[in-house]
Amino acid sequence: MKVLVTGGAGYIGSITAEVLLAEGHEVIVFDNLSQGHRAAVPDDAVWVQGDLSEPSAIRRAMMAHRPEAVMHFAAKSLVGDSIVRPFAYLRDNVVEGLNLIEACVDSGVQRFILSSTANLFGAPGNAVIDEKAPIAPGSPYGESKWTLERALDWVSQTHDMRYAILRYFNAAGASAQRGEHHVPETHLIPLVLQVAAGQRDCMTVFGDDYDTPDGTCIRDYIHVLDLAAAHLLALGAIETDNCTYHLGNGGGFSVRQVIETARTVTGRRIPEAIGQRRPGDPPRLVANSDKIRRELGWQPQFGELEQIVSSAWQWHQAFPKGYEG
Ligand code: UFG
């Protein structure tokens, strides 16, 4: 299939593009490089530098390349940043997503896969979160994704379009060639590995007074290649119907456990200090992904935290400066 991948120069988008190509699909990457890296885009993908805030740029790309499906990864995606800069999320993520959905409708693209988030459930306590959990977006970022989920649902009722909404928990890890490189980096695992590599002095733990066993926040880390595999399955599933799935491993790890695992994997010293809580961080987010396992046969291949951290470490060692090397 011919798939247009927005955000295909970013972390999850570029790795999904890599997997799509390996499976014989054609890929058009559409990215404005505001956060992504040109070097992350697979050589075999068609490259279009363009901005989703400009409807004419998207339409041109659609007309020129005639995709049969769109995977929409491009977005601002930092929970904490969205608390500080709500309009960058509530306006830009929503308007850009709507521009893309409308361009799909206008050019007859009938399949749409949306990268959504676990940041839709407030502070859900100790439950694992399934697709029936009540929605209460935890930040302007979560709200922007929820708005796009709703928009897609309406558009699928009014037009010939089917969608898959994939709600990621915490994407992590790397393929052999591509990994996580944000500027500035704010994510736990790449930061911990930068400390292990001696590129930073110390890891700051954002709060150790949460109501969790060791006082630090718990997240469900999922390997980016397992996320990519779910996108390929979803592409098949939307031939017949809309779907919404949660993607995680169903196991939660605390910030302290992640740092400890990184010490084991790297064999390096990783000094840590306790800092303030980061606004917007829920204490615990763990997925129930039974639905996609049951309905699409999704089976994570890299379910252990050690495998995830070790793949990120291998990539870090191969590309110590990420895409700027
Ligand atoms: N953390 C630290 N110190 C750091 C960085 C992070 O203690 O220097 C902690 C955070 O407080 C949080 C955990 O590590 O408890 C994970 O933080 P990340 O920044 O790596 O990831 P988030 O959970 O904030 O967010 C990620 C994605 C979002 C997505 C969310 C879903 O960035 O887009 O997972 O759970 F919505």
Side-chain angles (χ1 to χ4, degrees), residues 7 10-13 35 73-84 88-89 93 114-124 128-129 133 135 137-146 148-149 165-173 180-182 184-196 199-212 214-224 227 246-262 270-289 305 308-309 312:
Y11 169 43
I12 307 173
Q35 302 173 77
F73 296 91
K76 297 180 176 68
S77 63
L78 300 177
V79 174
D81 183 44
S82 80
I83 307 262
V84 181
Y89 289 75
N93 278 358
L114 175 70
S115 302
S116 189
T117 178
N119 193 251
L120 293 180
F121 309 102
V128 289
I129 306 164
I135 300 290
S139 68
Y141 164 62
E143 190 74 48
S144 72
K145 291 292 186 177
W146 175 236
L148 289 180
E149 288 195 14
I165 288 165
L166 300 180
R167 296 179 182 151
Y168 314 155
F169 283 62
N170 285 58
E180 190 166 8
H181 177 190
H182 300 102
E185 190 53 77
T186 64
H187 291 92
L188 179 63
I189 291 177
L191 284 174
V192 171
L193 297 180
Q194 287 177 7
V195 178
Q199 295 170 330
R200 285 176 192 266
D201 294 337
C202 175
M203 197 57 215
T204 305
V205 175
F206 293 147
D208 67 348
D209 56 353
Y210 286 95
D211 184 15
T212 59
D214 69 14
T216 67
C217 288
I218 292 175
R219 295 286 181 276
D220 184 341
Y221 295 90
I222 165 156
H223 199 290
V224 63
L227 278 186
H246 286 191
L247 295 173
N249 279 308
F253 292 93
S254 71
V255 174
R256 280 226 165 89
Q257 288 174 308
V258 171
I259 297 174
E260 207 43 60
T261 303
I270 303 180
E272 66 182 67
I274 305 302
Q276 299 289 315
R277 288 183 177 198
R278 186 171 65 178
D281 276 344
R284 184 175 186 277
L285 289 176
V286 180
N288 177 331
S289 298
L305 183 61
I308 294 173
V309 173

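Counting starts at 1 for both ligands and their atoms, following the listed order. Computed from a predicted structure; not experimentally measured.
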> Is the shortest N/O to N/O distance between Asp281 and ligand 1 below 3.5 Å?
Replying inline: yes
> Is Leu188 close to ligand 1, meaning an N/O of one under 3.5 Å from an N/O of the other?
Replying inline: yes
> Among protein heavy atoms, which lies nearest atom 36 (F) of ligand 1, and at what distance?
Replying inline: Thr117 OG1, 2.5 Å
>> Walk me through whether Val309 and Leu193 qualify under side chain to side chain contact (heavy atoms under 4.5 Å, CB included).
In response: CA-CA 9 Å; Val309 173; Leu193 297 180; 4.2 Å; yes
>> So if I count the atoms of ligand 1 from 1 in the order they appear, which ones are less than 4.0 Å from some heavy atom of Leu285?
In response: 35 (O)
> At what distance is the nearest protein heavy atom to atom 15 (O) of ligand 1, and which residue and atom is it?
Replying inline: Cys217 CB, 3.0 Å
>> Distance under 4.0 Å to a non-hydrogen atom of Val205: what atoms of ligand 1 satisfy this?
In response: 7 (O)
> In the protein, what heavy atom is nearest to atom 16 (C) of ligand 1, and what distance, to one decimal place, separates them?
Replying inline: Tyr221 OH, 3.7 Å
> How far is atom 18 (P) of ligand 1 from its nearest protein heavy atom, and which residue and atom name does that atom have?
Replying inline: Arg278 NH2, 3.6 Å
> Roughly how far apart are His182 NE2 and Glu180 CD, rounded to 0.5 Å?
Replying inline: 5.0 Å
> In Å and rounded to the nearest 0.5 Å, what is the CD1 to CG distance from Ile222 to Leu247?
Replying inline: 5.0 Å
> Per the side chain to side chain contact (heavy atoms under 4.5 Å, CB included) rule, which among Thr212, Val255, Val258 passes with Ile218?
Replying inline: Thr212
>> If you apply the rule side chain to side chain contact (heavy atoms under 4.5 Å, CB included), what do you find for Arg284 with Asp211, and how did you get there?
In response: CA-CA 9 Å; Arg284 184 175 186 277; Asp211 184 15; over 6 Å; no
>> Show the atoms of ligand 1 that are less than 4.0 angstrom away from any heavy atom in Thr186.
In response: 5 (C), 19 (O)
> How close does the nearest protein non-hydrogen atom get to atom 3 (N) of ligand 1, and which residue and atom is it?
Replying inline: Thr204 O, 2.7 Å
> Under 4.0 angstrom from ligand 1, any heavy atom of Met203?
Replying inline: yes
> Which is closest to atom 30 (C) of ligand 1 by heavy-atom distance: Asn170, Ile218, Ile189?
Replying inline: Asn170
>> Looking only at distances, can you tell me whether any N or O atom of Val79, backbone or side chain, sits closer than 3.5 Å to an N or O atom of ligand 1?
In response: no
> Which is closest to atom 23 (O) of ligand 1 by heavy-atom distance: Arg219, Glu180, Glu185?
Replying inline: Arg219
>> List the residues meeting salt bridge (charged side-chain N to carboxylate O under 4.0 Å, His left out) with Glu272, not counting sequence neighbours, and say none if there are none.
In response: Arg256, Arg263
> Of the protein's non-hydrogen atoms, which lies at the shortest distance from atom 32 (O) of ligand 1, and what is that distance?
Replying inline: His187 NE2, 2.8 Å
> Quick one: OG on Ser77 to CD1 on Ile12, what's the gap to the nearest 0.5 Å?
Replying inline: 7.5 Å
> Of all the atoms in ligand 1, which lie at a distance below 4.0 Å from a heavy atom belonging to Phe206?
Replying inline: 1 (N), 2 (C), 3 (N), 4 (C), 5 (C), 6 (C), 7 (O), 8 (O), 11 (O)
> Which residue holds the protein heavy atom closest to atom 9 (C) of ligand 1, what is that atom called, and what is the gap in Å?
Replying inline: Val255 CG2, 3.7 Å
> Under a 4.5 Å cut-off applied to non-hydrogen side-chain atoms, are Leu188 and Met203 in contact?
Replying inline: yes
>> Could you go through Tyr89 and Asp81, starting from their C-alpha distance and side-chain angles, then the distance that decides it, and tell me whether this counts as side-chain hydrogen bond (donor to acceptor under 3.5 Å, both in side chains)?
In response: CA-CA 9 Å; Tyr89 289 75; Asp81 183 44; 2.7 Å; yes
> Considering distance alone, does some N or O of Ser77 sit under 3.5 Å from an N or O of ligand 1?
Replying inline: yes
> What orientation do Phe121 and Phe169 show, parallel under 30°, tilted 30 to 60°, or perpendicular over 60°?
Replying inline: parallel
> Hey, which atoms in ligand 1 end up nearer than 4.0 Å to a heavy atom of Ala118?
Replying inline: 31 (C), 35 (O)
>> Would you compute the distance between atom CD1 of Ile129 and atom CG of Asn288 and round it to the nearest 0.5 angstrom?
In response: 9.5 Å
> What residues, two or more places apart in sequence or in another chain, satisfy salt bridge (charged side-chain N to carboxylate O under 4.0 Å, His left out) together with Asp209?
Replying inline: Arg277
